[in-house]
Amino acid sequence: MVLEIKKVSKNFGGLSALTDVSFSINKGEIFGLIGPNGAGKTTMFNLVTSIFPTSSGDIIFKGEKINELKPHLITEKGICRTFQNIRLFPQMTTVENVMVGVHSRSSSGVLKSVFRPKSQRQEEEGIKVKSQDLLKFVGLEGYEEVVAENLSYGQQRRLEIARAMASDPELLLLDEPAAGMNETETEDLFQLIKRIQQKGITVLLIEHDMPLVMNLCDRIAVLNFGVKIAEGTPKEIQDNPEVIEAYLGREEDELDA
Ligand SMILES: Nc1ncnc2c1ncn2[C@@H]1O[C@H](COP(=O)(O)OP(=O)(O)O)[C@@H](O)[C@H]1O
Ligand SMILES: [Mg+2]
């Protein structure tokens with residue numbers, strides 16, 4: 001088991017964003033987290049990455065309770081994410097955006113950079129090479145020196161994934177990676193997430209694109225008003241009357257509202 005969510009609740013004032021949610025993710029799985037807008041999906045990511053504390057319940061990563069750790073320690077443990085609203089440095093180049101991600105887990109501190117300039121330079125070079133490799137991996141080869149804000153929307157989403165992968169996650173959380181993508185970009189994204197899985201990285205995916213979710217995920221949990229209403233294989237989820245009622249039966253534009 002890579003990640004165990006155990007009876008997790010989160011309240012914002014009087015609002016119960018999540019209530020007693022439990023599920024577990026096996027190593028190497030692509031696990032889908034779906035449900036209508038406001039269901040609590042992003043909140044779950046914010047709890048797993050310790051942006052907010054849980055109100056109750058535990059989050060266990062590889063056997064260790066992590067829900068009281070600082071966010072940077074969560075990254076060090078091997079959990080990285082992308083954001084529903086793209087968070088790149090728009091004025092920096094593509095490769096620089098990835099390099100920032102590598103830096104967050106690299107060993108050189110302030111002292112090292114003062115006393116060991118040569119090893120620092122070598123490390124910089126290593127980080128650049130690694131970042132270029134990651135850009136190639138996500139399909140952004142040739143765009144290294146393009147300023148991030150000049151990339152297409154789909155490219156920016158893939159750049160976010162490259163940056164999240166820069167710190168070598170074991171668990172990657174993707175928050176609506178296909179949002180705003182056209183069909184071709186979504187197909188490329190499907191292949192990319194498959195390649196991520198083939199690297200042995202476990203993926204937790206929030207996504208509204210149902211063909212993508214159903215074709216990609218090994219298992220899926222469904223949230224509705226902060227409560228888990230179903231969990232199972234894509235087939236089980238698609239056939240579940242409560243899920244159809246709460247979510248799958250809706251029109252596309254309602255889902256994206
Ligand atoms: N920081 C916050 N402060 C107050 N309420 C929040 C906060 N974050 C999320 N919420 C509320 O929690 C509920 C779940 O939101 P969210 O997790 O973003 O849903 P989803 O990602 O499934 O669309 C919503 O009602 C939202 O308004
Ligand atoms: Mg969300």
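Reckoned from all heavy atoms, side chains included, excluding hydrogens, waters and symmetry mates. Counting from 1, the numbers follow the sequence of the chain as shown. Both ligands and their constituent atoms are indexed starting at 1 by order of listing.
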Q: Look at the rings of Y247 and H208 and say which category their plane angle falls in: under 30° parallel, 30 to 60° tilted, over 60° perpendicular.
A: tilted
Q | Test salt bridge (charged side-chain N to carboxylate O under 4.0 Å, His left out) applied to K77 and E64, step by step | A | CA-CA 10 Å; K77 297 265 173 212; E64 182 190 356; 3.1 Å; yes
Q) Are V227 and M44 grouped together when hydrophobic residues (ILVMFWY) are joined by side-chain heavy atoms under 4.5 angstrom apart? A) no
Q.
Around atom CZ of R195, are there more than 12 heavy atoms from other residues, nucleotides or ligands closer than 6.0 Å?
A. yes
Q: Test the K41-F45 pair against the cation-pi criterion, namely NZ or CZ under 6.0 angstrom from the six-membered ring centroid and within 45° of the ring axis.
A: no
**Q.** ligand 1: protein residues within heavy-atom distance under 4.0 Å
**A.** F12, L15, A17, P36, N37, G38, A39, G40, K41, T42, T43, F52
Q: Please identify each residue that fulfils salt bridge (charged side-chain N to carboxylate O under 4.0 Å, His left out) with E160, with sequence neighbours left out.
A: R163
In a table with atom names and distances, give each donor-acceptor pair under 3.5 Å that connects a side chain of residues 131-145 to protein atoms at least two apart or in another chain.
unit_1, atom_1, unit_2, atom_2, d
S131, OG, I127, O, 2.8
Y143, OH, Q155, NE2, 3.3
E144, OE1, G142, N, 2.9
E144, OE2, G142, N, 3.4

(Q) What verdict does the side-chain contact (heavy atoms from CB on, under 4.5 Å) test give for L174 and R81, after you've listed the backbone C-alpha separation in whole Å, the side-chain angles of each residue and the deciding distance to 0.1 Å? (A) CA-CA 6 Å; L174 301 175; R81 73 178 291 183; over 6 Å; no
Q) Which N, O or S atoms belonging to the protein are less than 2.8 Å from the Mg ion (ligand 2)? A) T42 OG1, Q84 OE1
(Q) When you group the ILVMFWY residues by side-chain heavy-atom contacts below 4.5 Å and let the links chain together, are M1 and I30 in the same group? (A) no
